[in-house]
Amino acid sequence: MPQPDDAPRTDGTSTAILVAVAWPYANNHLHVGHLAGAYIPADVFARYHRMRGNRVLMVSGSDSHGTPVTVRAEEEGTTPEAIFQRYHESFLRTFEGYGISFDLFTSTDTENHRDVVQDIFLRLLERDYMYEAEQELLYDPKVARFLPDRYVEGTCPKCGYESARGDQCDNCGSTLDAVDLINPRSRLSDATPERRKTSHFFLKLSAFNDRLLEWVESKEGWRPHVKNFTIGMLKEGLHDRAITRDLTWGVPIPLEGYDDKRIYVWFEAVIGYLSAAKEWAASDLNPTGDAEAWRDWWQSPEAGTYYFIGKDNVPFHTVIWPAILMGYGDLNLPTDVPANQYLTMSGAKASKSRGGVVWAPDALERYDPDPMRYYLTAAAPETSDSDFTWDEFVRRNNDELVARWGNLVNRVLTITRRNFEERVPEPPAQLSEESTALLARVDEAFGPVGESFEGVQLRRALNGAMEVATAANQYLDARQPWVRVKEDRDHAAETLFVALNVISGLASLLNPILPFTSQKVWTLLAHDGEVQAAGWQRTPVVAGTTLPAPEPLFKKLDDSVVEEEAARLAR
RNA sequence: GGCGGGGUAGCUCAGUGGUAGAGCAGCGGACUCAUAAGCCGUUGGUCGGGAGUUCAAAUCUCCCCCCCGCUACCA
């Protein structure tokens, strides 16, 4: 059977890698925090594995269901479908613009997803991992809807704070139960909520507690905050959770007599990873035409499955989703969940609801995707919250991309073309020691840089590649080809030949992070095809090749950008 | 409150037992091919505080202080 990804391999093996990325909630545009937290790391990881010749399937989709979508629709006097559709399209444009290379970006609003969810629901019910039970919840009679705890406000029974939310008091920090609030009122209508009994399906999470704990404790290499947080949760003990709600917008329950209830998003959305893989396999996007191809990623024991999410999503991916998978059976559990922490905006937490957000589509109107990808990778919140500042963006763009890397390419190509009839010069039969050492340096970098990408230590990978660019600049300064070309042409020829080869290696090393400009470098070196298809290795630059005229890879940004963006943020 | 992450040079951060590191900023220098970019040298830290283990601790243990997040019927 032909493989969906037939890129060359460097080590003779090809592994199925599922790159599963958080499902954005379709109630607003994406901001740079989303890009840094999930989409860019996922894409960098996926592109690296494609270069390695692995079969990558990268999927996600819009989360179309949920109370906020419904509420927003009512505010705007439109339908949840219309809200979801608007932002789904925005997401697709954003991904295209930033080069986020999904194999499929679908949504939870598909028949396929409904079928997959209902299949899982029924099997878990059949296996006694679900049960029906009655519970008492708050109901808003004015809008005729049961209220999530968050949508109830009232006086905190512990501290007397008058605007406590149903789930937690912002004043004293206590965790609350909405039915305990004094003078409760609905945030949807200001009506006084009433208690009503309602029946729901519960997922028996408690049944998976021990298995989950054993599984997580066996995981090596997980980020400390992900692993420790999960273990802590499991040691405290899981409680069963209702997975249905009294709603009409969502996946219907596949049983008679539940027309006014829906399967709730937190159970249903994570299933999207599986339904998206199935949708992809059955679609024209799958070059093999084999609708069962999804099994390569979900059932093969050699496959790797990686989930790129923000830290607020950790419990759903390290506890609930694995529990569902265990209950259903015969499906791979997550290999790793490299959740990122938060990206703050000049010190403040990025938030869709509050201001101070850099919107992803907006930023792309003023800046190129690669500098954004570079900065958001270099400053990614991998181990702790990190801060986005325009000052740092401008500095990294100017000092690192323009001055160190872009200028390296530009200066080498310019000197070469001017002095060697626009061709790659012929090196001597025997390279000097320093030339051999530099070529070895770039070739050997593929090892550790690759390992860093595999371990989702993207900042480390980026630094590993950029150090090679520094070494190349040092080499050039030491050998001064612009001087030697006048007195010892062979010496300069060797220098430039080696430098061009190092640049070729760097284009590949940086391609996962900088796909647009790496391809540009590829073209400037007169290589054929795509850098990605050349594999995870340096592609030799051949003497005698005619080189096209270079043009700058990156634009230098003026410091005034910092004030302009600050003014924009303040609006 | 509980749990988790973090507190290392002016700034952003790397570094999990063996004589404190990078980039930027600052200072000095040589060069001039290149988007006035690149290169060399250099100033600068009692590694949050305290105690302990060890021949040796930023790195392990305990206590304390500070910042951030999570606390699952919001996703």
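A note on names: the letters A, B, ... follow the listed sequences, proteins ahead of strands, and every chain is numbered from 1.
- Nucleotide rC33(B) forms no Watson-Crick or G-U wobble pair with any nucleotide shown, as no partner meets the under 3.5 Å limit on both distances.
- Note on Glu467(A): nothing from the nucleic acid sits closer than 4.0 angstrom, heavy atoms only.
- For the 3.5 Å distance criterion, the side chains of Asp391(A) and Thr389(A) fail to qualify, holding no donor opposite an acceptor.
- Remark: the backbone N or O of Ala339(A) is paired with a side-chain donor or acceptor of Arg223(A) at under 3.5 angstrom.
- The same atom, P, is picked in rG26(B) and in rG10(B); the two are 15 Å apart, to the nearest Å.
- If you check the side chains of His200(A) and Thr244(A), you find a donor sitting under 3.5 Å from an acceptor.
- Asp312(A) comes within 4.0 angstrom of a nucleotide base, judged by non-hydrogen atoms across all strands.
- Less than 4.0 Å separates RNA chain B from at least one heavy atom of each of the following residues of residues 241-250 of chain A: Arg241(A), Arg245(A).
- Base pairing analysis places rA51(B) opposite rU61(B); the two distances defining the Watson-Crick or G-U wobble pair are each below 3.5 Å.
- Rounded to a whole angstrom, the distance from the C1' atom of rG49(B) to that of rU8(B) is 15 Å.
- Of the two residues near RNA chain B, Leu408(A) and Glu392(A), the one whose nearest nucleotide lies more 5' is Glu392(A).
- Separating the P atom of rC3(B) from that of rC64(B) is a span of 12 Å, rounded to the nearest Å.
- As judged by a 4.0 angstrom heavy-atom cut-off over every strand, Gly237(A) is placed among the base-contacting residues.
- Atom CD1 of Ile231(A) and atom P of rA72(B) are 20 Å apart (whole Å).
- The side chain of Arg460(A) has rG15(B) as its nearest neighbour among rC33(B), rG15(B), rA72(B).
- For Asn228(A) against rG4(B), a side-chain-to-base donor-acceptor contact under 3.5 Å is absent.
- Residue Gln135(A) is out of contact with every strand shown, counting any heavy-atom pair closer than 4.0 Å.
- rC40(B) and rC66(B) have their C1' atoms separated by 41 Å, given to the nearest Å.
- With 3.5 Å as the limit, one finds no donor-acceptor pair spanning the side chains of Tyr375(A) and Glu400(A).
- Side chain of Asp370(A) to main chain of Thr517(A): a donor-acceptor pair is present (N/O by atom type, distance under 3.5 Å, no hydrogens or angles).
- Of all nucleotides present, only rC3(B) satisfies the Watson-Crick or G-U wobble test against rG69(B), with each distance under 3.5 Å.
- Judged by distance alone, the side chains of Tyr87(A) and Arg72(A) do bring a donor and an acceptor atom under 3.5 Å apart.
- Nucleotides rG4(B) and rU43(B) have their P atoms positioned 42 Å apart, rounded to a whole Å.
- In the set rA37(B), rC33(B), rA14(B), the nucleotide with an atom closest to the side chain of Lys556(A) is rA37(B).
- Across all strands, Met233(A) comes closer than 4.0 Å to base atoms (heavy-atom distances).
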Report task. Test ring-ring contact (aromatic ring centres under 6.0 Å, His included) on Phe84(A) and His65(A) and set out the steps. Result -> CA-CA 8 Å; Phe84(A) 141 70; His65(A) 302 134; 8.1 Å; no
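- The partner of rG28(B), taking Watson-Crick or G-U wobble pairs whose two distances both stay under 3.5 Å, is rC40(B).
- Spacing between atom CZ of Arg396(A) and atom P of rA25(B) amounts to 13 Å, rounded to whole angstrom units.
- Atom P of nucleotide rC70(B) and atom CZ of Phe316(A) are separated by 13 Å, given to the nearest angstrom.
- One C1' atom belongs to rA20(B), the other to rA9(B), and the distance between them is 10 Å to the nearest Å.
- Rounded to an integer number of Å, the gap from Phe229(A) CZ to rC3(B) C1' is 7 Å.
- Minimum atom distance to the side chain of Lys311(A) is reached by rG69(B), of the listed rG69(B), rC33(B), rA14(B).
- Relative to the side chain of Asp399(A), the nucleotides rC24(B), rA72(B), rA34(B) differ in distance, and rC24(B) lies closest.
- Regarding Leu238(A), its CG atom lies at a distance of 17 Å from the P atom of rC3(B), rounded to whole Å.
- The CG-C1' distance, from Leu413(A) to rA37(B), rounds to 15 Å in whole Å.
- Nucleotide rG6(B) holds its P atom 12 Å from the CZ atom of Arg223(A), rounded to whole Å.
- Judged by distance alone, the side chains of Ser64(A) and Asp109(A) never bring a donor and an acceptor atom under 3.5 Å apart.
- Side chain of Thr470(A), nearest nucleotide from rC39(B), rA34(B), rG5(B): rC39(B).
- Within the 4.0 Å cut-off from OP1 or OP2 of rC39(B), not a single side-chain nitrogen or oxygen of Arg479(A) is found.
- Counting non-hydrogen atoms under 4.0 angstrom, His239(A) reaches a base of the nucleic acid.
- Pair check for rU12(B) finds rA22(B); Watson-Crick or G-U wobble, both atom distances under 3.5 Å.
- Between the Asn209(A) side chain and the Leu205(A) main chain, no donor and acceptor come within less than 3.5 Å of each other.
- Side chain to side chain, Tyr307(A) and Trp321(A) meet the donor-acceptor criterion of an N or O pair below 3.5 Å.
- Separation of the C1' atoms belonging to rG50(B) and rU42(B) is 35 Å when rounded to the nearest angstrom.
- With rounding to whole Å, Arg418(A) atom CZ is found 9 Å from rA34(B) atom C1'.
- rA57(B) sits 10 Å from rU16(B) when the C1' atoms are compared, rounded to a whole Å.
- For Trp23(A) and Ala478(A), each mapped to the nucleotide of RNA chain B holding its nearest heavy atom, the one lying further toward the 5' end belongs to Ala478(A).
- Using N1 to N3 plus N6-O4 or O6-N4 for Watson-Crick, or N1-O2 and O6-N3 for G-U wobble, each under 3.5 Å, rU46(B) pairs with nothing.
- Judged by distance alone, with hydrogens and angles left aside, Asn407(A) brings a side-chain donor or acceptor within reach of the base of rA34(B), the pair sitting under 3.5 Å.
- Closest contact between the side chain of Gln480(A) and the listed nucleotides rC13(B), rC33(B), rC31(B) involves rC31(B).
- Ring-centre distance between Trp390(A) and Tyr367(A): below the 6.0 Å cut-off.
- Among the protein residues, Pro315(A) comes within range of no part of the nucleic acid, since none of its heavy atoms lies under 4.0 Å from any strand.
- Contact annotation for Ile320(A): no contact, since no heavy-atom pair falls under 4.0 Å across all strands.
- The side chain of Arg459(A) places an N or O atom within less than 4.0 Å of a non-bridging phosphate oxygen (OP1 or OP2) of rA14(B).
- Between Gln474(A) and rC40(B) there is a side-chain polar atom (N or O) within less than 4.0 angstrom of OP1 or OP2.
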